[in-house]
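Encoded as structure tokens, the structure appears first; notes follow it.
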Amino acid sequence: MAAPSSTSPLYRAGISSDSVRTCSTADGTTFGTAFIDPGENWCGVRCPVCSSDIEDWWGNAMDTAALPDGYFDALAVTMPCCSAQTDLNSLDYVEAAGFASYSLVTTDPECELPLPPASLQALEDLLGTDLRQVIARY
Ligand SMILES: [Zn+2]
């Protein structure tokens with residue numbers, strides 16, 4: 001993959017061309033949906049319908065939904081607090097987190113985070129999909 005030009009949305013966002021990661025096993029043959037977490041920035045998770053703190057329930061729900069290889073398939077869940085039907089990707093993660101089959105990763109970006117809405121929109125337009133910024137610290 002060629003290095004992005006200085007005018008590309010990826011470059012302006014501080015993302016280099018070697019930082020697109022697919023969620024695959026070590027041998028690269030199996031792709032899946034991975035949980036992209038904020039690491040030390042984790043601040044809990046709430047019900048997207050009634051805002052109850054569901055962190056204790058969430059850990060078990062993640063264990064139940066995880067496949068043996070650590071990836072995820074079905075994300076549908078029923079909230080323990082209000083019985084709402086939703087999915088693990090739609091929960092109210094206090095610091096953004098989510099599920100993805102690929103991620104754009106930049107380490108020590110040369111820009112302020114989170115990316116401004118215009119930069120995020122440019123990336124979404126380029127890729128033709130919605131994006132979620134997960135600001136992780138490890
Ligand atoms: Zn609820």
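Order of appearance sets the numbers: ligands from 1, and atoms from 1 within every ligand. Quick note: residue numbers are just sequence positions, from 1.
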- Which residues share a side chain to side chain contact (heavy atoms under 4.5 Å, CB included) with Thr86, sequence neighbours left out: Pro48, Val77, Met79, Ser90, Leu91
- Task: Output, in order, the C-alpha distance, side-chain angles, deciding distance and verdict of side-chain contact (heavy atoms from CB on, under 4.5 Å) for Ser52 and Cys82.
- Result: CA-CA 9 Å; Ser52 294; Cys82 60; over 6 Å; no
- Message: Quick check on the hydrophobic clustering: are Trp42 and Leu88 connected, directly or via other members, by side-chain heavy-atom contacts under 4.5 Å?
- Response: yes
- State, to 0.1 Å, how close Ala100 and Ile36 come at their nearest heavy-atom pair, and which atoms those are. CB-CG1, 4.0 Å
- Note on the structure: Counting only protein N, O or S atoms and ignoring waters, those under 2.8 Å from the Zn ion (ligand 1) are Cys47 SG, Cys50 SG, Cys81 SG, Cys82 SG
- Can you name the ring-ring contact (aromatic ring centres under 6.0 Å, His included) partners of Phe35, sequence neighbours left out? Trp58, Tyr93, Phe99
Residues 125-138 side chain polar contacts: donor-acceptor under 3.5 Å, at least two apart:
from   : atom 1 : to     : atom 2 : distance (Å)
Asp125 : OD1    : Gln121 : NE2    : 2.8
Arg132 : NH1    : Asn89  : O      : 3.1
Arg132 : NH1    : Asn89  : OD1    : 3.3
Arg132 : NH1    : Ala97  : O      : 2.6
Arg132 : NH2    : Asn89  : O      : 3.0
Gln133 : OE1    : Leu115 : N      : 2.7
Gln133 : NE2    : Leu115 : O      : 3.2
Tyr138 : OH     : Asp37  : O      : 3.2
Tyr138 : OH     : Asp37  : OD1    : 3.1
Tyr138 : OH     : Asp37  : OD2    : 2.9

